[in-house]
A.B. asks: 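Dropping the structure in here first, questions after.
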2 protein chains.
Amino acid sequence: MAVPVQPFAGPAEDAPVGRALARRSGALGEIGALSRETLGERVTGELRALLVAGRLAPGEKLSLRRVAEALGVSMMPVREAVSRLAADGALEVLPNRAVRVPVLTLAGFRELTRLRLVIEGFAAEEAATTASAEQIERIAGFEAAFGRAANAEPPDTAAGVAANRDLHFALYEAAGMPSLVEMIERLWLKAGPILNLDMRHEPGRLRGGSAVQAHAALLAALRRRDAPAARAALENDIRSAAAHIESAGGLAE
Amino acid sequence: MAVPVQPFAGPAEDAPVGRALARRSGALGEIGALSRETLGERVTGELRALLVAGRLAPGEKLSLRRVAEALGVSMMPVREAVSRLAADGALEVLPNRAVRVPVLTLAGFRELTRLRLVIEGFAAEEAATTASAEQIERIAGFEAAFGRAANAEPPDTAAGVAANRDLHFALYEAAGMPSLVEMIERLWLKAGPILNLDMRHEPGRLRGGSAVQAHAALLAALRRRDAPAARAALENDIRSAAAHIESAGGLAE
DNA sequence: CCAACCTAACTGTGATCACAGATCACGACA
DNA sequence: TGTCGTGATCTGTGATCACAGTTAGGTTGG
């Protein structure tokens, strides 16, 4: 199975720890709330990150005990994490009760793509009309980062994946609809493995080219507050990425 | 807390047990696969049913031990069920780590309604173009059942809720997109508590009236294969229900 | 009479153990 | 040589226990 995970690599505190608690007397105002993250939640986050980054290949089987050992925790938190991820389709429990990363069929991938067009397209429209100037600049920052990663020699795929994700979700969050962002996250979690597994193998040049173009059009539309154009640009981005994945093969059935 | 649940009331076998295994020699062709449902899955289904039926009020706190005792199982399967339901927002774990049914704010309800319009509207369009004649007749059957429940004296709210759910999901399944149905189920799970809690208190006449009308228009559109009309009818249904909920109050903040 | 404390019951979380089912490899029989 | 039975090993599932944190209720001190 080979889970390439250190026991909680990276800073465990991703939550805003130093959140200001308004005025307090003495030094009490300076201490932040302790991190009250459950072990199960940390394991969930760890597995989720591995999934969207494409580090876990579709069809790969997971063993609760192995994951638990790799992460240095008991089996219990892993069970909870797997339950959650299986609940929203990021993992899959076979009738044999074995746990694995779902393999996407061609039909399933196309369905997912259509849903992404509908939902993320709606989010783009919404964001175009409601985004603040700061939010648009934030998106522009990620677009620049993506361009740098794509045009580097050789292309920096890891940075590109990260910038692409940040850009898209900055856009979706600008729509101001938390449940919508949640839904899109679920879609990405399902599509993540093939999407980024592919980008990892590929130089990413092709995708980079059309993606850079689509991102530029998206940003221009946002600045013009042009909702239909924003939707069209995002749809182009999704469609070109999907076409590339399909042509690259790697989908079952 | 008062969980009004019998230990697994109703038939546990909702899965197609007698699925034919094609030709087999002797009597082996007649035996079906045994039901291999996990306790955790059964508890999940039980809680899910309580939620969509509005039997668990928003804000109500759940205790793992109490639920476990009420269902006659250990705490373990309940933990798994709550993990899953909390993962897709059907339940909520407070920072105190207490578990409760989420209370929907007015803003949250409106966001949910907008998402329903986008997603279920898309499903209706899709179903209008791809539904088979049998599927349309199936929907018609539920529409008739809904009409009977709504026009009965007094209105049979329980049957109405069930027929309404069956009708909608028969429509969504006719679109032939499993992930789409899954997404809509999640939306209903979130909106279910207020939606049906309200219908339980209310005679349901008002809602019944406009709903019957919308359902009839929907069915006519399906028979004409008129996708935009189907979408419009469904949107009317959702909008009128939402307006009724909002006017009835019961939403936080 | 009100506030503060303090205890007791209860909460979810995590670990550990027990168990049935699945999987795979090896070996025996046809 | 091919196939079936058999064993060990590993799987997820469920139960039980231990523990820290919260909450509610009663009591004490002001």
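To find a chain, count down the sequence lines: A is the first, B the second, and so on, and within it residues start at 1. Please read these numbers as outputs of a predicted model, since none were measured by experiment.
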A.B. asks: By the salt bridge (Lys or Arg N to Asp or Glu O under 4.0 Å) test, which pairs, at least two apart or in different chains, include something from residues 164-175 of chain B?
C.D. replies: none

A.B. asks: For DNA chain C, determine which residues of residues 77-102 of chain A have any heavy atom closer than 4.0 angstrom to one of its atoms, and list them numerically.
C.D. replies: A/Pro77, A/Glu80, A/Asn96

A.B. asks: Can you sort out the partners of B/Arg110 under salt bridge (Lys or Arg N to Asp or Glu O under 4.0 Å), two or more places apart, ordered by chain and number?
C.D. replies: B/Glu246

A.B. asks: Expressed in angstrom and rounded to an integer, what is the separation of B/Met76 atom CE from C/dC17 atom C1'?
C.D. replies: 13 Å

A.B. asks: Please classify the nucleic acid contact of B/Thr38 as base, sugar-phosphate, or nothing, using heavy-atom distances under 4.0 Å.
C.D. replies: sugar-phosphate

A.B. asks: When the ring planes of B/Tyr172 and B/Phe169 are compared, do they come out parallel, tilted or perpendicular, using 30° and 60° as the limits?
C.D. replies: perpendicular

A.B. asks: Using residues 93-101 of chain A as the side-chain source, report each donor-acceptor pair under 3.5 Å to any protein atom, sequence neighbours left out, with the distance given to one decimal.
C.D. replies:
residue: A/Arg97; atom: NE; partner: B/Thr38; partner atom: OG1; Å: 3.4
residue: A/Arg97; atom: NH2; partner: B/Arg36; partner atom: O; Å: 2.4
residue: A/Arg97; atom: NH2; partner: B/Thr38; partner atom: OG1; Å: 3.2
residue: A/Arg100; atom: NE; partner: A/Glu92; partner atom: OE1; Å: 3.0

A.B. asks: Hey, what do you get for CG (A/Leu39) to CD (A/Glu41), rounding to the nearest 0.5 Å?
C.D. replies: 9.5 Å

A.B. asks: Please list all pairs passing the side chain to side chain donor-acceptor pair (under 3.5 Å) test where one or both residues lie in residues 183-193 of chain B, with sequence neighbours left out.
C.D. replies: A/Glu182-B/Lys190, B/Asp88-B/Arg186, B/Glu120-B/Trp188, B/Glu182-B/Arg186

A.B. asks: Find which nucleotide of DNA chain C each of A/Arg65 and A/Gly40 is nearest to by heavy atoms, and output the residue with the more 5' nucleotide.
C.D. replies: A/Gly40

A.B. asks: Taking CD from B/Glu37 and P from D/dT13, how many angstroms apart are they, rounded to a whole number?
C.D. replies: 13 Å

A.B. asks: Return the polar atom pairs (N/O with N/O) between nucleotides 5-7 of chain C and the protein under 3.5 Å, or none.
C.D. replies:
none

A.B. asks: Atom CD of A/Glu60 and atom C1' of D/dT11: how far apart are they, to the nearest Å?
C.D. replies: 16 Å

A.B. asks: Taking the side chain of B/Lys61 as heavy atoms from C-beta outward, which of D/dG12, C/dT11, D/dA24 is closest to it?
C.D. replies: D/dA24

A.B. asks: Any side-chain N or O of A/Ser74 under 4.0 Å from OP1/OP2 of C/dG14?
C.D. replies: no

A.B. asks: Does B/Arg79 have any salt bridge (Lys or Arg N to Asp or Glu O under 4.0 Å) partners at least two apart in sequence or in another chain, and if so, which?
C.D. replies: none

A.B. asks: Roughly how many Å is it from CG in A/Leu64 to P in D/dT9, rounded to a whole number?
C.D. replies: 21 Å

A.B. asks: Whole Å only: how far is the CZ atom of B/Arg42 from the C1' atom of D/dT13?
C.D. replies: 14 Å

A.B. asks: Can you measure B/Met75 atom CE to C/dT11 atom P for me and round it to whole angstrom units?
C.D. replies: 10 Å

A.B. asks: Calculate the interatomic distance between A/Glu41 atom CD and C/dG14 atom P; express it in whole Å.
C.D. replies: 8 Å

A.B. asks: How would you list, by chain and number, every residue that makes a side-chain contact (heavy atoms from CB on, under 4.5 Å) with B/Ala174, sequence neighbours excluded?
C.D. replies: B/Ala127, B/Ala131, B/Gln135

A.B. asks: B/Leu39 has an atom CG; how far is it from atom P of C/dC19, in whole Å?
C.D. replies: 17 Å

A.B. asks: With sequence neighbours excluded, what pairs up with B/Phe142 under the ring pair (Phe, Tyr, Trp, His ring centres under 6.0 Å) test?
C.D. replies: none

